[in-house]
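Here's the structure we're looking at; comments come further down.
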Amino acid sequence: MNGGAVGFFLGMMGITVTDGPISIVFVLTVVGFVMGVGYGAAFYLLFDYELTADTFDVTSGVINRQHREIPFHRIQNIDVTQSLGKRLFGVAVLTAETAGGGSTEITLHFVSEEKAAWLQSTIRDRKRATGGDETTATGDAGRSPTQLFALRSTELAVLAVAFLRPGALFIALFGIPFVADLGQSLLLSIARPFGGPEQLSVSALSPDSALVLALVGGPLLLVSAWIVSALVTVVEYFGFQLGRAGEDLVYQRGLLQRYSGTIPVEKVQSLTITEPVLARPLGYAGLSVETAGYAPGQADERKSQSAIPLSNRSRVFELARDIEPFEEPTFTRLPKRARRRYFARYLLIVGGLIAVGYLLSQFLGGFTLWYLPAVVLPITPIAAHYKWKHRGYHVGTKHVAFRTGYWRRTTRVVPYYRLQTVFTSRTIFQRRLGLATLTADIASSTSLRGGSPAAYDIDSDTADRLYALLGERLQRALRSQLME
Amino acid sequence: MESLHPRVRIIWGLAGLLSAVVAGLGVVIVDAFLFSVGQWLALLAFLIVFSCVVPYTLLRYRVWRFEIRDDALHLERGVFTRVETAVPFVRVQHVDTRRGPVARLLGLSSVVVYTAGSRGADVTVPGLRSERANALHDRLRELTIESEEDAV
C-alpha cells in the first residue's frame with residue numbers, strides 16, 4: 001500500500017523533473033506505481049515473524065534481508081494501533097520497543113485484530129516466564145486483564161475542557177483555512193469599537209490599530225484553539241480503559257483510531273499527577289507514568305503514558321499508589337524571597353516590553369499605545385504569589401516529590417532507587433538571593449515538555465542538604481533492594 | 001577537590017578568540033551587505049567579546065573542580081550558573097576518553113561519563129593530562145563494576 005504511494009509520488013516527480021510530453025510522464029507514473037506495488041507486495045510476501053520459546057523473531061527486507069531476534073524479557077512496550085481505515089478491514093499495527101535504540105525495534109504492519117491481541121498477551125506472558133521477573137513467573141495472571149479504570153463521559157468532558165493542548169494553537173492558526181473568512185469578519189467587527197482597522201490590509205493598518213487587532217485576536221485564537229483541543233482530546237481519549245495483566249498495565253483508547261498499549265510497572269521511573277487550573281476546583285486530576293522504554297527523539301507524547309487521563313483526585317492517588325506505593329506528600333513551600341524573585345522577574349518583563357514599545361513609538365508614526373503593557377502591572381504580585389504558592393517539594397521515606405505550575409500543576413513522584421544524576425544549579429540571580437535549583441534526573445524522562453524532576457528556587461543550604469541526602473538514599477535503596 | 005590542568009585555559013581561550021573573531025566578522029558582513037555601520041565597529045565588537053573572554057576563561061578555570069567520592073563522581077563548574085553534579089557509579093553506562101586536535105597538541109584529554117538519564121546523560125571532565133585521564137577512566141570503570149556487583 002505504501003509502496004504504491006511511493007511509486008505514484010515518483011511518477012509525479014517525473015512530471016516536474018522531465019517536463020516532457022505527457023505520454024512519457026504517464027508511462028513513468030505507471031511504471032513507478034507498478035514498481036511501488038511490486039515492492040509493497042514483495043515486502044509483504046518476504047516478511048516473516050515467529051514467536052520462539054524465548055525470542056520474538058522477524059525476518060524482513062526485499063533487497064537487504066534482515067533477521068532480528070529480540071528476547072522477550074528485553075521487550076518493554078508492545079503497542080497496537082488501529083487507524084480508521086485499518087479498523088474497516090479488521091487489521092492493526094503492532095509495535096515492540098526495547099530500552100535501547102533510536103527507533104521502534106519491531107513493527108508488524110498488517111496483523112488481524114485477534115492476532116494482534118493474542119501476540120500482545122502472549123509476549124507479555126512469555127516475557128514474565130523467561131525471567132523478566134522470576135517471582136511472578138507462576139503464570140496465574142490470566143490472559144484477559146482485570147479492569148482498573150474506565151473513563152466516564154463526564155470525566156471525558158472535563159478532560160476535554162480542562163486540558164488545553166499547546167499544539168491546538170497551531171491548528172487554529174494555520175489548519176482551518178475554510179473558516180478564515182468568517183473568522184476575519186468576526187475579528188474585525190469585534191475590534192472596530194476599540195479602534196481596530198476597517199479592513200485587513202497592510203496599507204490600512206496603523207501600528208495602533210494592528211495592536212488592538214492583535215489584542216482582540218489573541219483571545220479569539222485562544223477560544224478556537226480551545227475548541228480544537230477539546231475535539232482532539234475527545235477523539236483521542238474516547239473509551240479509555242485501563243487494566244492490569246500480571247505485572248503490566250494495559251490501556252486502550254481512541255474514537256476513530258484505536259490505540260492499545262502496555263505500561264510495564266517494574267520499569268516505571270516516575271509518576272506525574274497533573275491538575276490543570278480548571279480541574280482543581282472540581283477535584284479532578286490526571287496521572288501519567290514515565291517508563292524507560294521509548295527512546296528520546298520519538299513523538300514526545302509516547303514517552304510519558306497516560307495511566308488515568310482524568311478522574312477524582314482520591315481515585316488517582318489510589319491508583320498511583322497501586323503502581324508505586326508512596327505516602328501522601330506534604331509539600332514544603334519555597335522561601336518567601338523566591339516569591340520576591342518572581343515578582344521582580346514579572347516586573348522586568350513588563351518593564352522591558354514598555355521600554356521596547358517606547359523606543360518603537362519614537363520611530364514609528366501612529367504608534368502611541370506603547371504604555372499598554374502597564375495594564376498587567378497590578379496583577380504581577382498576584383501572579384508571583386500563585387507561582388510561588390504552587391511550588392514545593394517533599395522528601396519522603398522512599399520517594400521525593402516535586403510540585404510546580406499554576407495553570408497546569410504537576411506533581412512528580414520519584415522513587416529514590418530510580419535516581420540517576422543529581423544536580424544543583426545556581427544562577428547569579430539565585431546566588432544573590434541564596435536560592436538554588438535541585439534537579440533529580442531519571443532515565444528517559446519527558447525532557448521536552450516537563451523536563452527532569454526538579455525543585456526550583458529552594459533555599460541554598462537546603463539544596464546542598466538534599467543533594468547529599470538524595471545520593472545517600474539512592475545507595476540505601478539499592479542496598480535494601482539487594483537484601484530482598 | 002581536584003582542579004583541571006592549567007593548560008585547559010589555552011583551549012578555552014582559543015575557543016573564546018574564535019567567537020570574538022566570529023562576532024567581528026558578523027559586523028563586517030552586516031556592514032557590507034545590509035547597512036553600512038562603519039568598519040571600526042567590527043574591531044570594537046571583536047575587542048568587546050575578547051575582553052570578556054579572558055576573565056571568563058580564568059574564572060571558569062578557577063571554579064572547575066571534580067572529585068571521586070565514595071559512591072559518586074562529583075563535579076562543580078559554571079561562572080554565571082554554578083552547577084554541582086553527582087554521578088553515582090551505579091548509574092554509569094560507559095566511560096569515554098576524548099582528545100580533540102588542539103587538546104592533543106597540548107597533551108590533554110577529556111573523560112566523558114554516560115548515564116541513562118535525560119538531562120545529565122553525558123558529563124564531561126575536560127582538560128586532564130592524558131595519564132590522568134586514563135587513570136580516571138580506569139578508576140571509574142573499576143568503581144562502576146564494583147558498584148554493579150554490590151547492587152545487582
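Convention: sequence-line order gives letters A, B, ...; per-chain numbering from 1.
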Report task. Determine whether more than 12 heavy atoms belonging to other residues, nucleotides or ligands lie under 6.0 Å from atom CZ of A:Arg337. Result -> yes
Query raised in the report: Any side-chain heavy-atom pair from A:Gln475 and B:Asp70 closer than 4.5 angstrom?
Result: no
Query raised in the report: If you round to the nearest 0.5 Å, how far is CG of A:Asp441 from OG1 of B:Thr115?
Result: 6.0 Å
Query raised in the report: Can you tell me if CZ on A:Arg432 sees more than 12 non-hydrogen neighbours from other groups inside 6.0 Å?
Result: no
**Report entry** Spatial distance of atom CD1 (A:Ile442) from atom CZ (B:Arg91) [nearest 0.5 Å]
**Finding:** 11.0 Å
Query raised in the report: What closest approach, in Å, do B:His74 and A:Tyr467 show between heavy atoms, and which atom pair accounts for it?
Result: ND1-OH, 3.1 Å
**Report entry** Interatomic spacing from CG in B:Asp71 to CD in A:Glu472 - rounded to 0.5 Å
**Finding:** 8.5 Å
Report summary line: Turns out that what part of A:Leu419 lies under 4.5 Å from chain B's heavy atoms comes down to backbone
Query raised in the report: Is B:Arg62 atom CZ crowded by more than 12 heavy atoms from other residues, nucleotides or ligands, each under 6.0 Å away?
Result: no
Report summary line: Ranked by heavy-atom pairs below 4.5 Å to chain B, first place among A:Ile428, A:Asp464, A:Thr437 goes to A:Ile428
Requested in this report: Identify the residue among B:Val92, B:Leu73, B:Val87, B:Leu75 that makes a side chain to side chain contact (heavy atoms under 4.5 Å, CB included) with A:Thr421.
Outcome: B:Val87
Requested in this report: For atom CZ of A:Arg476, decide whether the heavy atoms of other residues, nucleotides or ligands shown that lie under 6.0 angstrom number more than 12.
Outcome: no
Requested in this report: Identify which part of A:Phe429 has an atom lying under 4.5 Å from any heavy atom of chain B, answering side chain, backbone, both or neither.
Outcome: neither
Report task. Determine whether more than 12 heavy atoms belonging to other residues, nucleotides or ligands lie under 6.0 Å from atom CZ of B:Arg129. Result -> no
Query raised in the report: Do side-chain atoms of B:Arg82 reach the backbone of A:Thr424 as a donor and acceptor pair under 3.5 angstrom?
Result: no
Report summary line: If one checks every heavy atom of B:Ala72 against chain A at 4.5 Å, the contacting part turns out to be neither
